[in-house]
Amino acid sequence: IEAGTATADKRKGFASLIQNNSGLLELWWQPQDPSQGSSVQTIITHGDAIFEKVDKCTTGTVFALCLNGSKEPNHTRLFWLQEPNTREEDILSKIKRHIGDEKCRKRLQAANRPAAATTATASTTT
């Protein structure tokens, strides 16, 4: 990311979401041609990530995986959709369901709510 703009990797590849033996989710990106470099692995704990379309992108379709619900650059992975006729909503709904996107959003929403003011009144009888 340079000056607020991300540039896509020119290599074609594919992403896979799998559950490992420990029960954690792993998102793998692999180049189609193995000679073009190594794959990238991201571990995701269910309910600790948000997956959404980047609406500000004007040059294609980009999805952001926000780890721990954070949109800070070091917690965000960007993925460019390379297939022109892919239904974006299908991708979004499937990945959101598998990573626990809604659970993460609810947790963040609850954490950002102001604490409810509580007052207690005591009564005495004589």
Side-chain angles (χ1 to χ4, degrees):
I1 296 181
E2 226 177 88
T5 302
T7 304
D9 188 327
K10 301 260 186 242
R11 300 174 296 165
K12 292 225 180 242
F14 60 93
S16 302
L17 186 64
I18 61 168
Q19 188 169 14
N20 67 21
N21 293 337
S22 301
L24 295 173
L25 293 171
E26 296 179 16
L27 181 66
W28 284 84
W29 180 87
Q30 297 174 294
Q32 284 180 345
D33 181 354
S35 69
Q36 291 184 325
S38 60
S39 59
V40 177
Q41 174 195 26
T42 303
I43 302 290
I44 305 167
T45 303
H46 189 270
D48 278 344
I50 292 174
F51 190 74
E52 59 193 8
K53 183 178 177 187
V54 178
D55 293 323
K56 290 182 181 181
C57 180
T58 60
T59 59
T61 303
V62 177
F63 296 107
L65 175 68
C66 306
L67 303 172
N68 300 318
S70 172
K71 294 186 181 181
E72 294 296 319
N74 60 334
H75 289 239
T76 302
R77 307 291 182 266
L78 299 174
F79 298 91
W80 274 256
L81 184 62
Q82 296 171 336
E83 296 296 325
N85 297 323
T86 304
R87 293 182 50 188
E88 298 167 16
E89 288 304 316
D90 289 346
I91 293 170
L92 277 170
S93 64
K94 286 177 185 176
I95 293 178
K96 283 180 174 201
R97 184 178 68 246
H98 288 294
I99 68 171
D101 178 280
E102 189 63 30
K103 181 179 176 183
C104 184
R105 288 179 192 271
K106 286 179 182 177
R107 178 180 52 79
L108 292 171
Q109 187 177 36
N112 290 329
R113 268 191 217 126
T118 56
T119 58
T121 56
S123 61
T124 57
T125 56
T126 54

Between [atom1] on residue [X] and [atom2] on residue [Y], distance to nearest 0.5 Å:
X: Arg105; Y: Ile50; atom1: CZ; atom2: CD1; answer: 4.5 Å
X: Leu67; Y: His75; atom1: CG; atom2: NE2; answer: 7.5 Å
X: Thr42; Y: Leu24; atom1: OG1; atom2: CG; answer: 12.5 Å
X: Ile43; Y: Glu26; atom1: CD1; atom2: CD; answer: 4.0 Å
X: Glu102; Y: Gln109; atom1: CD; atom2: CD; answer: 8.5 Å
X: Gln41; Y: Gln30; atom1: CD; atom2: CD; answer: 10.0 Å

Least distance between heavy atoms, [X] atom then [Y] atom:
X: Trp80; Y: Ala6; value: CH2-CB, 3.8 Å
X: Phe51; Y: Lys96; value: O-CE, 2.9 Å
X: Gln32; Y: Pro34; value: O-CD, 3.4 Å
X: Ile99; Y: Leu17; value: CG2-CD2, 4.1 Å
X: Asp48; Y: Cys104; value: C-SG, 3.8 Å
X: Pro31; Y: Arg11; value: CG-NH1, 4.2 Å

### Query
When clusters are formed by joining ILVMFWY residues with side-chain heavy atoms under 4.5 Å apart, either directly or through shared neighbours, do Leu27 and Phe63 land in the same one?
yes
Quiz item: Is Trp28 reachable from Leu81 through a run of hydrophobic residues whose side-chain heavy atoms are each under 4.5 Å from the next?
Solution: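 Each belongs to a different hydrophobic cluster.
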- prompt: Does Lys12 come within less than 4.0 Å of Asp33, counting only side-chain N to carboxylate O?
  reply: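 Between Asp33 and Lys12 there is no salt bridge, as every charged N stays at least 4.0 Å from the carboxylate O atoms.
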Side chain to side chain contact (heavy atoms under 4.5 Å, CB included) partner of Phe79, chosen from Ile91, Thr61, Val54, Leu65: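 Of Ile91, Thr61, Val54, Leu65, side chain to side chain contact (heavy atoms under 4.5 Å, CB included) with Phe79 is met by Leu65 alone.
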(message) Do Asp101 and Leu92 have side chains that approach each other closer than 4.5 Å (heavy atoms only, starting at C-beta)?
(response)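 A side-chain contact under 4.5 Å is absent here.
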